[in-house]
Participant: 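Structure incoming, see below.
Counting starts at 1 for both ligands and their atoms, in listed order.
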Amino acid sequence: MYSTCIFNQFLAFGKSLGKKMEKIVVLATGGTIAGSAASAHDNLRYQAGQQSIEQVLMGVAGLQQALGPCVLEAHQIAQIDSKDLDYALWQTLAQACAQHLQRSDVRGVIVTHGTDTLEETAYFLDQVLPAAPQAATWQDKAVVLVSAMRPATSAQADGPGNLLQALAVVQNPQARGVLAVACGKVQSAQTVRKVQPYHVDAFSSGDQPVLGQVQQGQVQWQQLPAWQPAAAPRLWQQVLHTPAAQWPWVELVHSGAGSTARTVQALQAAGVNGVVLVGTGNATVHQHLLQGWQVPVWRTTRCLEGSLPPQDVLASELPLAPTGLVPSKARVALLLQLLLA
Ligand code: SIN
């Protein structure tokens with residue numbers, strides 16, 4: 001089924017493989033949660049994406065209890081450091097999520113992922129899955145992205161605990177849409193972003209509250225999650241059927257002291273299809289980056305906190321990115337918009 005699979009393992013954990021038991025599908029893509037280091041005390045010099053999902057799950061004490069009456073079915077669909085994520089894997093992942101979510105015997109899907117580009121994958125799935133033709137069949141289910149900041153070999157590995165939290169969330173009757181779970185927090189695909197390079201509490205939703213907390217295996221919602229409204233069905237076709245190598249090229253360009261119009265010329269000469277400008281303050285942009293664009297350009301802010309005021313302070317023909325999107329997600333949003341064009 002998965003043309004880009006590097007593994008195609010099927011594992012079953014649970015009390016029985018009886019046909020009536022609900023299944024939780026795990027789609028494994030690598031990351032630090034599957035990482036290995038030479039020493040159990042080295043949390044920096046390790047390689048992401050080394051352990052198979054079978055090994056990762058075997059390392060989760062209390063897995064059976066957390067599964068309750070469910071059975072776990074795990075598929076290794078990639079084995080990468082998520083900094084190297086490409087669009088072909090997004091196509092595989094979207095297709096795999098849809099294939100399993102639509103199954104009546106599947107309660108929900110967990111995706112194991114590296115932390116570095118998790119926010120982009122979460123936003124991509126959040127936008128694209130509602131466009132799938134079968135989306136109406138999975139409105140009461142969730143896709144939960146789970147990750148870790150310590151490799152699986154670490155004496156302080158956080159992956160096992162995060163996986164138990166992901167299991168609690170995916171089985172929760174109110175879980176919906178695409179969610180990110182780590183360090184006891186449930187965050188929305190729209191708002192989650194990585195803010196720490198080392199601490200285990202690595203994700204934040206900025207000024208937005210987290211959706212919920214997981215404590216002692218119980219989910220306490222602060223805000224009930226939901227799927228995004230149905231997107232243009234053509235988006236699904238475009239995402240799945242446009243060869244990854246032909247997806248639009250969208251770049252992030254940072255505005256700051258010394259920014260030069262040469263960036264504009266160089267990118268366009270090289271064939272860029274769209275640009276997200278990472279502006280200063282209220283998405284203001286160096287004068288040398290404001291002119292000369294012949295491709296779609298959106299503005300965002302490099303500010304890490306707060307949100308842009310509704311009133312745009314810059315009289316510019318360059319529009320703001322959709323409200324609330326950090327630059328990494330605005331880039332995905334523009335990419336999807338260009339795929340639809
Ligand atoms: C990765 O993103 O694959 C490596 C880093 C991490 O998972 O924390």
Participant: Looking only at heavy atoms, which two atoms of Ala136 and Gln139 are closest? And how far apart?
Facilitator: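 The answer is O-CG, 3.7 Å.
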
Participant: How close does the nearest protein non-hydrogen atom get to atom 2 (O) of ligand 1, and which residue and atom is it?
Facilitator: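 I find the closest protein heavy atom is Ser82 OG, 2.6 Å.
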
Participant: Does any non-hydrogen side-chain atom of Gln190 lie less than 4.5 Å from one of Tyr123?
Facilitator: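 Tyr123 vs Gln190: side chains touch.
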
Participant: Within ligand 1, which atoms have a heavy atom of Ala148 less than 4.0 Å away?
Facilitator: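 Near Ala148, the atoms of ligand 1 are 6 (C), 7 (O), 8 (O).
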
Participant: Going hydrophobic residue to hydrophobic residue with side-chain gaps under 4.5 angstrom, can you get from Val250 over to Leu340?
Facilitator: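 Result: yes, single cluster for both.
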
Participant: Find all atoms of ligand 1 within a distance of less than 4.0 Å from any non-hydrogen atom belonging to Thr32, and give their numbers and elements.
Facilitator: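 Those of ligand 1 that fall under 4.0 Å from Thr32 are 4 (C), 5 (C), 6 (C), 7 (O), 8 (O).
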
Participant: Give me the nearest non-hydrogen protein atom to atom 8 (O) of ligand 1 as residue plus atom name, then the distance to 0.1 Å.
Facilitator: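 In this structure, atom 8 (O) of ligand 1 has Thr115 OG1, 2.4 Å as its nearest protein heavy atom.
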
Participant: Hey, is ligand 1 close enough to Thr117 that some N/O pair sits below 3.5 Å?
Facilitator: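 Between Thr117 and ligand 1, no N or O pair is found under 3.5 Å apart.
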
Participant: State which residues pass side chain to side chain donor-acceptor pair (under 3.5 Å) with Gln196; sequence neighbours excluded, sorted by chain then number.
Facilitator: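 If we apply the side chain to side chain donor-acceptor pair (under 3.5 Å) test to Gln196, skipping adjacent residues, the hits are His199.
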
Participant: Measuring only between side-chain heavy atoms, which start at C-beta, is Leu93 closer than 4.5 Å to Phe124?
Facilitator: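 The answer is no, as the side chains (C-beta and beyond) never meet within the 4.5 Å cut-off.
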
